[in-house]
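One-based numbering, in listed order, for ligands and for the atoms of each. What you are looking at is a predicted structure, and each value in this text was computed from that prediction instead of being measured.
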Amino acid sequence: MGVEIVPIRPGFGAEISGVEIGRPLSEEDRVAILRAIDDYAVLVFRNTGLDDVGHVEFSRIFGHVEKMPSFKKLFRSERTARDGKTAREAGPFFVTFGNLTDDGRIVDDPERRKLLAGDRMWHTDSSFMVERAAYSALLAYVVPPVGGHTDFADMRAAWDRLPAGVQARIEGLEGDHCVWWSRHVSGADISEAQAMGMPAARHPLVHRHRSGRTALFLASHIRAIPGMPPEEGRELVAELIEQATRPESTISVNWNVGDLVVWDNLATMHRATPFDDLKHRREMRRTTMRDGAPPVTGDDPYGAMYSGAVEKLSQLRGEPA
Ligand SMILES: [Fe+2]
């Protein structure tokens, strides 16, 4: 038995079977999986049976697994329901997504629901960090019976498809990525001026992917294109995102408990899709990997950003220290 690859679309997205990823991998299987993610950008492993240790160990084949800060201060919850552990309790490598409170109830706080809704906009994970994350590996713990899929867009195909004039126009441009911008746009309690005052990371809109192909690097986190009036920059980004997410280069992945999906943030965008979040529960746990490189600015880049962000946001809102 070896790694079996069934493409979801030609050249984009693949279901992987024939390998137990909760056990140490043979060199042959490891190489086959790394080649598959370069070729397909999104790999779906069904019914993995992975636990926290297995999740992290498997994640390591893709590069340096980032440590995460506690998001509790910002999001007030990070519990997962299947094993009753918060992401922090599971170890420093996880971030949890879902609609459950600390005690496992469904979130009904309108403000928090708006923050969660930010993930329904097309984005790449961690594009708002100076050091970009190459890969995300998301494991399903609780899934709703209907909806809650994850859509992915092929950013190499998106580049290939752009008219030469547009390619020439955007090559060399950069975007300022700020996580608070996408939250502002999705309706969270943060104004445009506040989002513009928060930290951002600048990255080229077009880059050469490790596969040798050229890819767009976009996200709803982009609040401005340096050198362009803000409105014009945002319109350009919106147009490019629309072009990049046309049905011919997207896939939609459905989830069952125990499924793991690994994607390449440098070759894709993704978004969560809606479900009845006041009725049904959803909980996922993610590891995030840098592109094989050792840490340059410390092993917990999120921590530095978020610990400063809470204070900065309070200042911008005029809240007492
Ligand atoms: Fe995401």
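Of all heavy-atom pairs between Arg9 and Pro247, the closest is NH1-O, 3.1 Å.
For Arg60, the salt bridge (Lys or Arg N to Asp or Glu O under 4.0 Å) test picks out Glu57, with sequence neighbours left out. Taking Phe12 as the reference, nothing meets the ring-ring contact (aromatic ring centres under 6.0 Å, His included) condition, with sequence neighbours excluded.
Ring to ring, His280 and Phe275 are not that close: their centroids are 6.0 angstrom or more apart.
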> Hey, mind stepping through Phe128 and His123 against ring-ring contact (aromatic ring centres under 6.0 Å, His included) and telling me if it holds?
Replying inline: CA-CA 10 Å; Phe128 46 83; His123 66 281; 8.9 Å; no
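With waters neither drawn nor counted, the protein N/O/S atoms under 2.8 Å from the Fe ion (ligand 1) amount to 3.
Judged as a side-chain hydrogen bond (donor to acceptor under 3.5 Å, both in side chains), the pairs with a partner in residues 215-230 (not counting sequence neighbours) are, in order, Ser182-His221.
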